[in-house]
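Working notes, structure below.
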There are 4 protein chains.
Amino acid sequence: MTVTIPSQVKDPELLRTRRAQIVQAAVPLFSEKGFHKTTTRELARASGMSIGALYEYVQTKEDVLFLVCQHIHQEVESQLRVSLSEHTSVVVRLRLAIEAFLRVMDRMQADVLLIYQESKSLPEPYLKEVLAHETRITQVFEQLLREGVQDGSFRLRPGEEILLAHTIVVAGQMWAFRRWALKAVAFEDFAAAQVDMLMNAALPVAERDAP
Amino acid sequence: MTVTIPSQVKDPELLRTRRAQIVQAAVPLFSEKGFHKTTTRELARASGMSIGALYEYVQTKEDVLFLVCQHIHQEVESQLRVSLSEHTSVVVRLRLAIEAFLRVMDRMQADVLLIYQESKSLPEPYLKEVLAHETRITQVFEQLLREGVQDGSFRLRPGEEILLAHTIVVAGQMWAFRRWALKAVAFEDFAAAQVDMLMNAALPVAERDAP
Amino acid sequence: MTVTIPSQVKDPELLRTRRAQIVQAAVPLFSEKGFHKTTTRELARASGMSIGALYEYVQTKEDVLFLVCQHIHQEVESQLRVSLSEHTSVVVRLRLAIEAFLRVMDRMQADVLLIYQESKSLPEPYLKEVLAHETRITQVFEQLLREGVQDGSFRLRPGEEILLAHTIVVAGQMWAFRRWALKAVAFEDFAAAQVDMLMNAALPVAERDAP
Amino acid sequence: MTVTIPSQVKDPELLRTRRAQIVQAAVPLFSEKGFHKTTTRELARASGMSIGALYEYVQTKEDVLFLVCQHIHQEVESQLRVSLSEHTSVVVRLRLAIEAFLRVMDRMQADVLLIYQESKSLPEPYLKEVLAHETRITQVFEQLLREGVQDGSFRLRPGEEILLAHTIVVAGQMWAFRRWALKAVAFEDFAAAQVDMLMNAALPVAERDAP
DNA sequence: AATGAATGAGCATTCATTCAT
DNA sequence: CATGAATGAATGCTCATTCAT
C-alpha cells in the first residue's frame, strides 16, 4: 500500500512492462533455486536485459522478491474476488468462496510455496506489506463469516471469525506446501473434504452436512 | 533410509555431545537470521569451537541444517508420543493427541517455523529424510483415525485418513507460522476451536459436539 | 600549449554558457564529495541538463575536472592581476600584491583546496596545463621580485626569485589547506604575519620591518 | 590515538608483520595510481597475499589508506624527534629542528604527497586521527617557539606560535608538492632559504641574519 | 582432535559512456 | 541539439571450505 520501489526510469509505461518482464522471469527462478541461490545475472538474463538495465528498474535483489510477492498476492486476490458470488445466502457465498480459493491455490501452487519459503528474506517494510496483503485476502473470509454470524447463519465463539478465516486460508495453502505428501490425493477429494470441514466449523449443529 | 553424516571423529560419545552443542547454537541463529545469512564462523563461535573443530563434526553447512531439522523433529515426535494416552476410546485418544500436539506446537513455535522456512535449502537426500520424519509424525494421527474408522468411532470417506491427518498437523503448525496474525488470540481459544473442528471432521454427525 | 576540449556542438556561444553551467554545478560537488565520488548523473542533474546533453559539451568526466580547474585558476589570476597597483616602488607593489593574493585565497578557500586534492586525477596533458597556469600565477611574484632585485630594492641569492615566488604562493594557499588547524586564527593576523615574513625574506636587512 | 582497526586474526605478531607487508605494498600503488584507481586485487597481489587474506587484516580498502597514512606520519615524527638536539640555546635547537625536518621532507617526498592528495578519501574518524598526528608534528615546532618566546630568544605577536609552526611545516612540505616546479633548485639552496626566512620570522630584529 | 590462517570463486551493485529516437 | 534507456566491465567484499601446524 505504502511501499513503492523507486526507479531511474521516467516513463511509467515502460517501468510497468519491464518490471512485469522481471517478475515473469524471477518467479520460476526463485521457485526452483530459491531466492538466495538465484543470482542477479540469472535474473537479468532471464528477463532479457542486461544487469545494468535490471538495476534501472529495481534497486536491490530484494526489490525483485518484493515485486514477485506483490504480483502473486495480487493475482490470488483478484482471482478470489472475481469469483465472489452475489448469492443471497451467506452460507452459499462462503462455500463458493472457499471452493474458488481452493482452486486458486491449486492453480498457483508453486507461487504460494514461493511466498511461504522466501518472504522471510524480505526487508522489514516489504515483509510488512506482504503480510498486510495476506491479511487482506484473509479478510475476504472474515467478512463473510461476520455477515453470517450477524444474520444467524453461522454460529461462532465471539472473535472466532479471524481465527477461522486464517484456518480457511491455511487449509487452502496446505494444498501447495504439502504437495509432496498429497500427490496421491485428487484435488476434488481434497476440496470436498476441506469445504465440509470448514463449513461445519462455521455452521450451527443443525445445519451441518455429513459426507 | 536413514541418512548419516560422516565425521572424522572416532569417539561416538564425543561426536554426539559436540553435535548437540552445534545444534544448540544453530537453532537460534537460523531462527533469527535464516540459514543463508548465518555464517559458519558464527556457527563455530556460538558452538564454542573453532571452525576447524566444527568441520570435524560436520562436512558442510547444510549438514548443520539437517542436524537441526532432525533434532527438532525428534523433539516434536517424542513429545507427541509421550503424551499418547492408553485410554480405551479412540475418540478420546485422538482428542488428547491433538491437544498434546497443539501444545507442542505452541512450545516449539520458532523451531517449527525454522523447518518451514529453511528446509528447502537442504540437499535432496536430507530433504527426503526430513519429509519422511514429518510423515512419521503425521502417521500418528493417521493411525488413530484408521483405528477409529475400523471400530466405527469415526466416519471418513475412503482414503481420507491421510488427508485429515495432514490437516491436523497443518492446523497445529499454523499456530507457528501465522503467529504474526494471531497475536491477539489466546492459545486456549485457538486449541479449543481447532480440536472441535478437527474432531467433527472425523466423527459421524450424531456424535459431533458444538461449542 | 593550450588544451582545447572538443565538442559536438557548433554554436560557440552556447558552448560557452553550457560549460559555464557545468562548471558552476561541478565545483560544489567536487568540493564536497570529491571527484571520484561525484557521478556524471549528479553532474548532469546539478547542471540542469540530461546526461546526453552533458556529453555534448564534454567528452569525459575528466574534462569537467579540467574545466573546473581552469575556471578556478582564471578566477584567481584575474583577481590577482586586477589588484596589481601602478605604484612606483616595487616594494610597495609586492606588498600590495601579496596582500591581494592572500585575500583571494581567503575568498576562494574551497576552490584552492579542490585543485590541490583533485588535480592528480587529471590526464597528463590537462595536468600539465593546470601546472602551467599555476606557474603563470607564481610568475606574477617572480616578476616583481626580479624587478626589485634589479633596482636594488630586494636582495636575494642568485636564482632565488623562483623559490621565493613559490613560497609566497604556498604561504597563501596554506590558508586554504590548513583551514582545519587555523580556525582560531583571524585572517588579518594571518595576513599580517605572512606579509611580514615574506617581505623580510626579500628585503635587505636594513629595510626590514619588525612587528 | 583512539582508532584501532579490528582484525579476524588473533596472533598480534602476525598481524603486525602482515599489515606492514600491506603498507609496504600500498605506498607505491597509492602514490602512483592514487587511492581510487588502486584495486583491492592489486593491493593483495602486491602484498603477496590473496584477497581473502588481505581482508583478514583489514576491513575495508579505506583501512589500508589509514594504515598507510599512519605509517608515514609515524616515520616522519620519529625521524624528526630523533634529530631534536639537546643544545642549550632554543635558537640553535629550532634551527636544527627545521633543518632536520626539511631533510625528512626531502627523503619522504612521495609519501608526504600521498597524504596530501589522498587523505580526503579517509572516513571521518580516520581523517580526524590523521590530522591529529599532523598537529602533533606541528607541535614540535610550536613548543620550541613557545620556549624561545618565554626566555626572550624569540619575539612573536601573542598567539603567533601556532601559525608560525604551521608555516614551518608547510614550508617543508612544499618541497614535496611543488616538486614539479622546483626541479631546478638544489635542496641545499632550498633549505638555506627556508631556514633563514623562518628563523627571521621568529627572531627579534637585532638578531636576524642576512644571507 | 583442535586451531585458525589462507584461499579464491562468486556475488551484488555501480557508473562512465553510447546511441537510438 | 536533447533525451534517457541501455550496456557490461569493473569493483569491493564475503564466506564455505581446506590444510599445515
Side-chain angles (χ1 to χ4, degrees), chain A residues 7-11 14-15 18 36-45 48-64, chain B residues 7-11 14-15 18 36-45 48-64, chain C residues 7-11 14-15 18 36-45 48-64, chain D residues 7-11 14-15 18 36-45 48-64:
Chain A
S7 165
Q8 320 289 353
V9 175
K10 299 183 175 175
D11 179 354
L14 185 60
L15 183 62
R18 287 284 203 246
H36 279 106
K37 293 207 174 154
T38 302
T39 68
T40 51
R41 269 184 261 277
E42 290 172 313
L43 241 21
R45 195 174 320 124
M49 40 182 112
S50 64
I51 319 177
L54 179 71
Y55 273 89
E56 298 246 332
Y57 297 100
V58 127
Q59 300 211 309
T60 66
K61 198 181 152 192
E62 278 77 17
D63 284 358
V64 179
Chain B
S7 165
Q8 324 292 351
V9 177
K10 306 292 171 197
D11 179 352
L14 185 58
L15 185 62
R18 287 286 206 235
H36 279 106
K37 292 206 175 155
T38 301
T39 68
T40 50
R41 274 202 251 279
E42 288 171 313
L43 242 21
R45 194 173 322 126
M49 43 183 107
S50 65
I51 318 178
L54 179 72
Y55 271 87
E56 301 246 331
Y57 299 100
V58 127
Q59 300 211 309
T60 67
K61 196 180 153 193
E62 278 76 18
D63 284 358
V64 179
Chain C
S7 164
Q8 322 292 351
V9 176
K10 307 291 170 194
D11 179 353
L14 185 58
L15 184 62
R18 287 287 206 234
H36 278 105
K37 292 205 175 154
T38 302
T39 68
T40 50
R41 274 200 252 280
E42 289 172 311
L43 242 20
R45 195 174 321 124
M49 45 183 105
S50 64
I51 318 177
L54 179 72
Y55 272 87
E56 301 247 334
Y57 298 101
V58 127
Q59 299 210 307
T60 67
K61 198 180 151 191
E62 278 77 18
D63 284 358
V64 178
Chain D
S7 164
Q8 319 290 350
V9 174
K10 299 184 177 174
D11 179 353
L14 185 59
L15 184 62
R18 287 283 203 245
H36 280 105
K37 293 208 173 151
T38 302
T39 69
T40 52
R41 269 181 262 276
E42 288 171 314
L43 240 19
R45 195 173 320 124
M49 40 183 112
S50 64
I51 319 178
L54 178 71
Y55 274 91
E56 298 245 334
Y57 297 99
V58 127
Q59 301 210 306
T60 65
K61 198 182 152 192
E62 277 78 17
D63 283 358
V64 178

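Proteins come first, then strands; the chains are lettered A, B, ... in the order of their sequence lines, and each starts at number 1. We use all heavy atoms of the structure for the numbers below, so side chains are in, but hydrogens, waters and symmetry mates are not.
Residue A:Thr39 is classed as a sugar-phosphate contact, given heavy-atom separations below 4.0 Å to backbone atoms only. Across all strands shown, A:Gln8 has heavy atoms under 4.0 Å from sugar-phosphate atoms exclusively, and none from any base. Nucleic acid contact class of B:Ser7 (heavy atoms, under 4.0 Å, all strands): none. Using a 4.0 Å heavy-atom criterion, one finds that B:Arg18 contacts the sugar-phosphate atoms exclusively.
Atoms CG (B:Leu54) and C1' (F:dT18) sit 13 Å apart, rounded to a whole Å. Between the P atom of E:dG4 and the CG atom of B:Leu43 lies a distance of 17 Å, rounded to the nearest Å. Atoms CG (A:Asp11) and C1' (F:dA6) sit 14 Å apart, rounded to a whole Å. Distance CD (C:Glu42) to C1' (E:dT14): 12 Å, rounded to an integer number of Å. One interatomic measurement links the two molecules: NE2 of D:His36 to P of E:dA16, which rounds to 12 Å at whole-angstrom precision. In this structure, A:Tyr55 atom OH and F:dA10 atom C1' are separated by 15 Å, rounded to whole Å. B:Tyr57 has its OH atom 20 Å from the C1' atom of F:dA16, to the nearest Å.
A distance-only check finds no donor-acceptor pair linking the side chain of B:Ser50 to the backbone of B:Ala44 [under 3.5 Å].
If you find the closest nucleotide of DNA chain F to C:Leu14 and to A:Glu56, the one lying nearer the 5' end belongs to C:Leu14. Place D:Ala53 and C:Gln59 on DNA chain E by their nearest nucleotides, and D:Ala53 ends up nearer the 5' end. Map C:Glu62 and D:Arg41 each onto its nearest nucleotide of DNA chain E; the residue landing nearer the 5' end is D:Arg41. Both D:Lys37 and C:Met49 lie near DNA chain F, and the one whose nearest nucleotide falls closer to the 5' end is C:Met49.
Rounding to the nearest 0.5 Å gives a distance of 11.0 Å between CD of B:Gln59 and CD of B:Glu56. Rounding to the nearest 0.5 Å gives a distance of 5.5 Å between CD of A:Gln8 and CZ of C:Arg41. If you take CZ on C:Arg45 and OG1 on C:Thr39, they are separated by 7.0 Å, rounding to the nearest 0.5 Å. The CG atom of D:Leu15 sits 13.0 Å away from atom NZ of D:Lys10, with the distance rounded to the nearest 0.5 Å. Here the CZ-CG distance, from A:Arg18 to A:Leu54, works out to 11.0 Å after rounding to the nearest 0.5 Å.
Proximity of C:Tyr57 to C:Asp63: side-chain heavy atoms (C-beta onward) are nowhere separated by under 4.5 Å. D:Leu43 has its side chain within reach of D:Lys61: a pair of non-hydrogen atoms, C-beta onward, lies under 4.5 Å apart.
For C:Ile51, whose side chain is taken as the heavy atoms from C-beta onward, the closest listed nucleotide among E:dT17, E:dT7, F:dC1 is E:dT17. Picking from F:dC13, E:dA16, E:dA1 the nucleotide with the shortest atom distance to the side chain of D:Lys61 gives F:dC13.
Consecutive Watson-Crick or G-U pairs involving DNA chain E, each under 3.5 Å on both distances, make up stems of three or more pairs at E:2-21 with F:2-21.
Checking the phosphate oxygens (OP1, OP2) of E:dA16, a side-chain nitrogen or oxygen of C:Thr40 falls inside 4.0 Å.
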